[in-house]
Amino acid sequence: MTQSGLRAVVEEQRANAVIGWTILAFLAASGASELISGEQVWGALVLALVAVAVVPPVAFRSPTAMLPWEVLALASLPAVGRTLIVGETVGGITFTGRLTTYLAVATVALIVAVELNLFTPVRMTHSFAVFFVTIATMAAAGMWAVVRYFSDTLLGTMHVLDGRPEHAIETALMWDFVAATVAGILAGLLFEYYFRRRNTGAERVDPEVTEA
């Protein structure tokens with residue numbers, strides 16, 4: 001049976017599955033650790049990423065029906081930074097900075113695009129997927145700002161309302177939106193190239209194929 005669009009992304013490969021599950025296990029532990037340490041917003045974000053990523057193996061009822069491990073690794077960058085290398089910089093760019101965070105958000109947006117293509121009537125071409133990832137990442141920046149604001153006002157955290165002057169907070173939020181836009185475009189173009197290159201005849205999972 002022929003496949004179209006991004007349907008071919010989900011792979012039935014043991015090595016890919018082992019690496020993918022290892023990454024998800026790390027993310028789950030990282031998310032739980034964030035919750036325990038009082039970082040409810042970050043913990044919830046990381047665990048939400050895990051929940052989105054496990055949709056294919058749950059839907060196919062196969063632990064090897066895992067998304068490409070490279071995509072999951074990229075999505076895990078902020079969690080890796082917060083767990084292992086908090087505060088470390090290269091060339092003045094912090095590993096846990098805006099661009100890294102929103103590049104991970106862009107990866108989640110692509111995962112959502114893949115799963116929409118797999119499990120709903122929606123079909124996306126590679127070009128539209130680039131557009132979807134960019135717009136979804138920009139929208140996520142706005143949602144993330146709202147979540148952090150309500151966390152500060154309701155839970156007493158200091159993600160946005162951290163004592164800085166109002167103009168400084170507004171400037172930081174604008175840079176968040178700039179970073180989200182740049183990350184969305186970069187991730188969309190990178191993934192468009194990546195999936196075109198990988199979609200070359202490897203064994204794939206097709207959700208329309210029923211079990212014998």
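Sequential numbering from 1 along the given sequence is applied to the chain's residues.
Partners of Pro165 under the side-chain contact (heavy atoms from CB on, under 4.5 Å) rule, at least two apart in sequence or in another chain, are His167, Ala168.
Between Met66 and Ala53, the closest heavy-atom pair is SD-O, 4.3 Å. Closest approach of Val133 and Thr137 over heavy atoms only: O-OG1, 2.6 Å. Here the closest non-hydrogen pair linking Val112 and Val52 is CG2-CG1, 4.3 Å. Between Leu47 and Ala32, the shortest heavy-atom contact is CD2-N, 4.3 Å.
Glu166 CD to Thr171 OG1: the interatomic distance, rounded to the nearest 0.5 Å, is 10.5 Å. Rounding to the nearest 0.5 angstrom, the gap separating the CE atom in Met138 from the OG1 atom in Thr181 is 3.5 Å. Taken to the nearest 0.5 Å, the CD1 atom of Ile111 stands 5.5 Å off from the CG atom of Leu49.
At most 12 heavy atoms of other shown residues, nucleotides or ligands fall within 6.0 angstrom of atom CE in Met143. Within 6.0 Å of atom CZ in Phe131, 12 or fewer heavy atoms from other residues, nucleotides or ligands are found, so the atom counts as exposed in its surroundings.
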For residues 20-28, please give each side-chain donor-acceptor pair under 3.5 Å, one per line with the distance, not counting sequence neighbours.
from	atom 1	to	atom 2	distance (Å)
Trp21	NE1	Pro63	O	2.6
Thr22	OG1	Val18	O	2.8

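Val46 has its side chain out of reach of Leu35: every pair of non-hydrogen atoms, C-beta onward, lies at least 4.5 Å apart.
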